[in-house]
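Fair warning: this is a prediction, and the values are worked out from it, not measured in the lab. Lettering follows sequence order; numbering is per chain, from 1.
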Protein chains: 2
Amino acid sequence: MQIVNEHRRKDIHNSDIPTVCAACEARHGGVCGTLTPDQLLDLSRHSTRRSIEPGREVIGQGETTESYANIIKGVVKLSKVLADGRQQIVGLQFAPDFMGRPFTRESALTAEAAVDTDICCFPRTVIDRLVAEAPGLEHRLHEQALKELDEARDWMLTLGRKTAQEKVASFLYIIATHIDPENGTANEFDLPLSRADIADYLGLTIETVSRQITKLRKDNVIRIENSRHVNVPSLDRLMHVAGID
Amino acid sequence: MQIVNEHRRKDIHNSDIPTVCAACEARHGGVCGTLTPDQLLDLSRHSTRRSIEPGREVIGQGETTESYANIIKGVVKLSKVLADGRQQIVGLQFAPDFMGRPFTRESALTAEAAVDTDICCFPRTVIDRLVAEAPGLEHRLHEQALKELDEARDWMLTLGRKTAQEKVASFLYIIATHIDPENGTANEFDLPLSRADIADYLGLTIETVSRQITKLRKDNVIRIENSRHVNVPSLDRLMHVAGID
DNA sequence: TCGGCAACTTGATCAAAATCAAAGGCGTCT
DNA sequence: AGACGCCTTTGATTTTGATCAAGTTGCCGA
């Protein structure tokens, strides 16, 4: 996943993308790197900017996905729920990820902003048209899907085989490495998720998450202010606690 | 996932694929549906057939992936291990799935045959060349990636939020619906995994898996012979126990 | 400055699954 | 047939994390 970020950054800097897409700032990543100037212009004309406050739903589970979107700023939770209300967050998307479910009209997920989030939406008709005429775009979407698949499988190992302590440490590691991809790994950051969200991401309860965070604090693996602001003195130590070799 | 199987079956029957690919029987699905006769011929000339006995590794974790493969027959486990040996199976692939990690030279996974398995391998150079000249092929690979992503996320819900009982029932449901996709859902089948493998797939221990299977048997949700052969009188009942609404 | 509320923490107890331990099947090799 | 080995089941006990139940903290609006 480090490699993918690296690659994405390279795309942005090396390509001579005009700033037409600046209207939605989507040039900062996402999907634009593979398009011709004309196509970019086309895309930006059809794009709309949306701001979403925390907890607001982007796409509901089972709803028809009418659009794709670049995340400009913020964090989006992708989650699934069981009939009786048990919930599992199955993925987090950070700026500048591309969101959407190509070739599927039904979204099997609920997408919800975790913090104040800005997205740039493209109608699916436009994206589908561009995919048909620009093979590079499908390649880009394919790469995104493979990246998400890798992340999902990494997380399956965490969900299935790690202890509560390791899960919480793994979560903090994920946030540290993704919250600000432009600047690499952060050793100080605000948690984009509440304790309840963290619990849903880790397959734990709120209380267990809280206790494990307290333990990490007492063990000097992290420092905490505000219950949201985290400082990680040594990433190596965090990774060790997380069971990442 | 029902939809995808449906779709795959349709592909096979509707397309007028020549039987050149018969050399490796890969025509039964996989990747061939999107190619021209010439390209199929090209592909089949470079394909090699391999038989793999249970437990044998197909691609090792961290090894370079030199080839892609269609699964002709059998089941392949995709797994990840922690430094201390804890293991998690992150995916199962059934015939006629296409296996491989496009655009990534490093495999983050170990792929291992669960039962006697036949695969048809294509060197990555050939596939990469065909992807470049046949845009439909990348589309096909992209769809496969999205299908695997959906399955991975479904499984995350199972790993994170279901009880041991629900996990085991969910596993049996997966097998019933995937073991023989040509004929739809099976209500009688042989388990392709040992208890240890099932445990690694469900994030449980062998003992817990065994106890839950015993409980399902006592509750008349399933019948068992040989500890491998399973009969499911009512799929609805199994789904209900699995927490699938 | 004071409620009031939501999010978080902490404590006590409980339950589900892990662990430890011992049999019980079943196939294979001699 | 008998002995060995592997996989599976079953039982007893322990541990981890869930549940139930108070408290804190911090934030916002009156």
Side-chain angles (χ1 to χ4, degrees), chain A residues 53-55 77 82 84-88 112 114-116 158-172 190-219 222-230 241 243, chain B residues 53-55 77 82 84-88 112 114-116 158-172 190-219 222-230 241 243:
Chain A
E53 60 258 47
K77 305 175 284 182
L82 248 21
D84 61 4
R86 281 175 289 174
Q87 188 168 64
Q88 176 69 44
E112 198 176 294
V115 294
D116 281 310
T158 299
L159 286 174
R161 287 302 183 198
K162 289 189 185 174
T163 64
Q165 177 80 161
E166 290 168 327
K167 284 181 177 181
V168 171
S170 297
F171 165 73
L172 294 172
D190 280 319
L191 292 176
L193 301 189
S194 68
R195 297 292 186 268
D197 284 338
I198 298 171
D200 281 345
Y201 193 33
L202 297 170
L204 298 172
T205 59
I206 300 181
E207 295 94 327
T208 299
V209 169
S210 180
R211 277 185 249 271
Q212 295 303 333
I213 288 179
T214 300
K215 184 165 191 311
L216 287 174
R217 191 166 46 67
K218 287 188 177 154
D219 293 349
I222 55 172
R223 287 168 168 284
I224 296 226
E225 299 153 26
N226 284 343
S227 84
R228 281 279 188 154
H229 193 81
V230 177
V241 175
Chain B
E53 61 257 49
K77 304 175 284 181
L82 247 21
D84 62 4
R86 281 174 288 176
Q87 188 167 64
Q88 176 68 45
E112 200 175 293
V115 295
D116 281 311
T158 299
L159 287 174
R161 289 299 182 200
K162 288 190 186 173
T163 63
Q165 177 81 165
E166 291 168 327
K167 284 180 176 182
V168 171
S170 298
F171 165 73
L172 293 173
D190 280 319
L191 292 176
L193 302 188
S194 67
R195 298 295 187 266
D197 284 337
I198 298 171
D200 281 345
Y201 192 34
L202 297 170
L204 299 171
T205 59
I206 300 180
E207 295 93 329
T208 299
V209 169
S210 179
R211 275 185 251 269
Q212 295 303 334
I213 288 178
T214 299
K215 185 165 190 310
L216 288 174
R217 190 166 45 68
K218 287 185 177 155
D219 293 349
I222 55 173
R223 288 168 168 285
I224 296 224
E225 299 153 24
N226 283 344
S227 85
R228 281 278 187 156
H229 192 81
V230 177
V241 175

- Count the heavy atoms of every other residue, nucleotide or ligand shown that sit under 6.0 Å from CZ of A:Arg228, and state whether that count exceeds 12.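 Check passes, neighbour count above 12.
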Taking atom [atom2] of [N] as reference, at what distance in whole Å does atom [atom1] of [X] sit?
X	N	atom1	atom2	answer
A:Ile206	D:dA22	CD1	C1'	15 Å
B:Lys215	D:dT9	NZ	C1'	17 Å
A:Leu191	D:dG26	CG	P	16 Å
A:Lys162	D:dT16	NZ	P	18 Å
B:Arg161	D:dG17	CZ	P	13 Å
A:Ile224	D:dT25	CD1	P	16 Å
B:Glu225	D:dT9	CD	P	14 Å
B:Asp200	D:dC7	CG	P	13 Å

| query | Is there a side-chain contact between A:Gln87 and A:Lys77, using heavy atoms and a 4.5 Å cut-off? | reply |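 They are not in contact (no side-chain heavy atoms under 4.5 Å apart), so the answer is no.
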Tell me which of A:Ile213 and B:Gly203 sits closer to the 5' end of DNA chain C, going by the nucleotide each one is nearest to.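 Whichever sits nearer the 5' end wins; that is A:Ile213.
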Taking the nucleotide of DNA chain D with the closest heavy atom to each, which residue, B:Ser227 or A:Gln212, is nearer the 5' end?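 Comparing both residues, the 5'-ward one is B:Ser227.
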By nearest nucleotide on DNA chain D, pick out whichever of B:Ser194 and B:Arg211 is the more 5' one.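 Its nearest nucleotide lies further toward 5', so the answer is B:Ser194.
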Please check this pair: side chain of [X] against backbone of [Y], looking for a donor-acceptor N/O pair closer than 3.5 Å.
X	Y	answer
A:Glu53	A:Val115	no
B:Arg161	A:Leu204	yes
B:Gln88	B:Asp200	yes

Among the nucleotides [options], which one has an atom lying closest to any side-chain atom of [X]?
X	options	answer
B:Glu207	C:dT10, C:dT19, C:dA17	C:dT19
B:Ser210	D:dG17, D:dT8, C:dT10	D:dT8
B:Arg195	D:dT19, C:dT19, D:dT8	D:dT8

